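Each chain gets a letter, A, B and so on, in the order the sequences are listed, and its residues count up from 1. Just so it is clear, the structure is predicted and the values come from calculations on it, not from any experiment.
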Protein chains: 2
Amino acid sequence: MSGEDNLLRLVEADEPDENNYHLQDQVGFILRKAHQRHVSIFATHIDDLTPPQFAALAKLYDIGETSQNQLGTLIAMDAATVKGVIDRLKARGLVELSKHEVDKRRLLVNLTPEGREAIERLIPLARTITGETLAPLTAKEAATFLRLLAKLA
Amino acid sequence: MSGEDNLLRLVEADEPDENNYHLQDQVGFILRKAHQRHVSIFATHIDDLTPPQFAALAKLYDIGETSQNQLGTLIAMDAATVKGVIDRLKARGLVELSKHEVDKRRLLVNLTPEGREAIERLIPLARTITGETLAPLTAKEAATFLRLLAKLA
DNA sequence: CTGATATCATTTGCATACGAATGAATTTGA
DNA sequence: TCAAATTCATTCGTATGCAAATGATATCAG
């Protein structure tokens with residue numbers, strides 16, 4: 001093996017790159033931490049509902065009755081996950097289920113009066129939560145961040 | 001009730017605000033979706049390890065042997081979560097556990113040779129995953145995004 | 001030196017999250 | 001029209017993620 005080969009191996013070797021790998025610089029790791037922080041802030045303001053449960057109620061409040069599957073698509077949850085969320089909201093009387101008259105496969109979900117009251121009460125808190133989550137940024141930075149984040153999501 | 005009262009109620013009523021609330025504009029919801037997308041990209045490139053498992057191995061590769069608790073702090077997992085992650089890595093022979101000689105409360109975690117091989121093999125893939133996650137952004141946008149995201153995390 | 005505190009790890013319980021398999025109902029296409 | 005493909009919902013299994021309680025050990029304060 002020549003000296004040039006050794007030089008080449010050093011330059012192209014995996015080791016230097018591997019030593020330079022730092023988890024805290026990876027977008028996935030920071031994304032996970034930012035999400036964790038948001039969920040934590042959410043819990044300090046709304047302690048009787050999780051973010052996914054809130055999302056389900058907010059979406060139903062926005063669009064009205066829909067199928068469980070369609071709701072899942074709108075709030076980015078797969079069928080198995082949305083079922084659990086809806087089950088728990090139903091157990092608490094915040095949503096009610098009914099069968100679709102025409103398409104017998106579908107399970108319709110809608111807010112109960114209690115669910116409507118709950119989401120109307122919580123939406124102002126959700127605005128506070130959003131504000132607190134973005135608090136480390138200036139208004140301009142927050143706008144930029146949301147724009148770029150949306151491109152990634 | 002006077003006409004002025006009605007006007008006042010309309011302007012100050014909750015309904016307009018509530019109707020304006022859209023889940024897809026909330027930072028928490030978008031953050032959750034961006035995280036989901038990243039995890040999905042991760043899984044297409046690394047199908048035998050989860051992001052938290054990868055994080056544990058990468059951190060151990062970076063800093064060497066440490067206590068389970070300390071590792072949890074470094075990779076942003078609480079004690080209960082990190083235990084499960086380490087248990088599964090141990091079951092696969094990627095990490096090994098030992099007792100701290102002095103402080104008998106501590107459980108030391110370290111990479112096995114197999115774990116070291118695995119993380120060295122995976123780090124290049126992790127770089128690809130980061131790249132793919134950030135692909136919707138230009139290089140400049142990605143830099144801005146990472147800077148702002150880090151301020152939030 | 002010792003009782004109060006704090007730290008480390010474990011366990012339990014609950015709530016996402018998703019892949020894969022299944023069954024029922026609907027839609028498609030040759 | 002009718003078999004194949006698709007859609008909707010459910011179930012199971014596995015893996016985070018966190019709060020709260022517990023037990024063992026270590027540290028601190030008086």
Compare all side-chain heavy atoms of [X] with those of [Y] and state whether any distance is below 4.5 angstrom.
{"X": "A/K99", "Y": "A/K104", "answer": "no"}
{"X": "B/R106", "Y": "B/N69", "answer": "no"}
{"X": "B/P136", "Y": "B/R37", "answer": "yes"}

Point to revise | Terminal helix-axis angle for the helix from C/dC1-D/dG30 to C/dA30-D/dT1, with five pairs defining each axis and rounding to 10 degrees | key: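 Angle reported: 30°, given to the nearest ten degrees.
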
List the atom of [X], the atom of [Y], and the distance in Å for their closest heavy-atom pair.
{"X": "B/F42", "Y": "B/L49", "answer": "CE2-O, 3.2 Å"}
{"X": "A/H22", "Y": "A/Q26", "answer": "O-NE2, 3.5 Å"}
{"X": "A/L108", "Y": "A/S67", "answer": "CD2-N, 4.0 Å"}

Rounded distance in Å - [atom1] ([X]) to [atom2] ([N]):
{"X": "B/L71", "N": "D/dT16", "atom1": "CG", "atom2": "C1'", "result": "15 Å"}
{"X": "B/L89", "N": "D/dA15", "atom1": "CG", "atom2": "P", "result": "10 Å"}
{"X": "A/K83", "N": "D/dT10", "atom1": "NZ", "atom2": "P", "result": "5 Å"}
{"X": "B/R106", "N": "D/dA26", "atom1": "CZ", "atom2": "P", "result": "10 Å"}
{"X": "A/D78", "N": "D/dT16", "atom1": "CG", "atom2": "C1'", "result": "15 Å"}
{"X": "B/I86", "N": "D/dG17", "atom1": "CD1", "atom2": "P", "result": "13 Å"}
{"X": "A/K99", "N": "D/dT10", "atom1": "NZ", "atom2": "P", "result": "11 Å"}
{"X": "B/K104", "N": "D/dG23", "atom1": "NZ", "atom2": "C1'", "result": "16 Å"}

Point to revise | A/R105, nearest nucleotide to its side chain (from D/dA9, C/dA25, C/dT16) | key: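 When the side chain of A/R105 is considered, C/dA25 is the closest of D/dA9, C/dA25, C/dT16.
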
**Study point:** Heavy-atom donor-acceptor pair, B/S40 side chain to B/Q36 backbone, under 3.5 Å
**Key:**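 No; judged by distance alone, with no hydrogens or angles, the pair does not exist.
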
Exercise for review: May I ask you to decide whether B/R147 forms a salt bridge with A/E141, counting only side-chain N to carboxylate O separations under 4.0 Å?
Suggested key: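 A salt bridge is present here (some side-chain N lies under 4.0 Å from a carboxylate O).
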
Practice item. Take B/G84 and A/A80, find for each the nucleotide of DNA chain D with the closest heavy atom, and name the residue whose nucleotide sits nearer the 5' end. Key: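 Comparing both residues, the 5'-ward one is A/A80.
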
Just call it for [X]: base, sugar-phosphate, or nothing, with non-hydrogen atoms closer than 4.0 Å on any strand.
{"X": "A/V109", "result": "nothing"}
{"X": "B/V82", "result": "nothing"}
{"X": "A/D103", "result": "sugar-phosphate"}

**Study point:** Members of residues 32-58 of chain B that approach DNA chain D, where some heavy atom sits under 4.0 Å away
**Key:**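 Per residue number, the list reads B/T50, B/P52, B/Q53.
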
Point to revise | Result of checking B/Q68, B/K90, B/Q53 against B/V85 for side chain to side chain contact (heavy atoms under 4.5 Å, CB included) | key: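 With B/V85 as partner, side chain to side chain contact (heavy atoms under 4.5 Å, CB included) holds for just one option, B/Q53.
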
**Study point:** Phosphate OP1/OP2 of C/dT16 contacted by A/R88 side-chain N/O (<4.0 Å)
**Key:**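 Yes, because at least one side-chain N or O of A/R88 sits under 4.0 Å from OP1 or OP2 of C/dT16.
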
Check your understanding: Closer than 4.0 Å, any side-chain N/O of A/Q68 to the OP1 or OP2 of D/dT10?
Key ->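 For D/dT10, OP1/OP2 do have a side-chain N/O of A/Q68 under 4.0 Å.
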
Practice item. Indicate the ring-plane relationship of A/F145 and B/F145, choosing parallel, tilted or perpendicular according to the 30° and 60° boundaries. Key: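 Judged by the thresholds at 30° and 60°, the geometry between A/F145 and B/F145 is parallel.
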
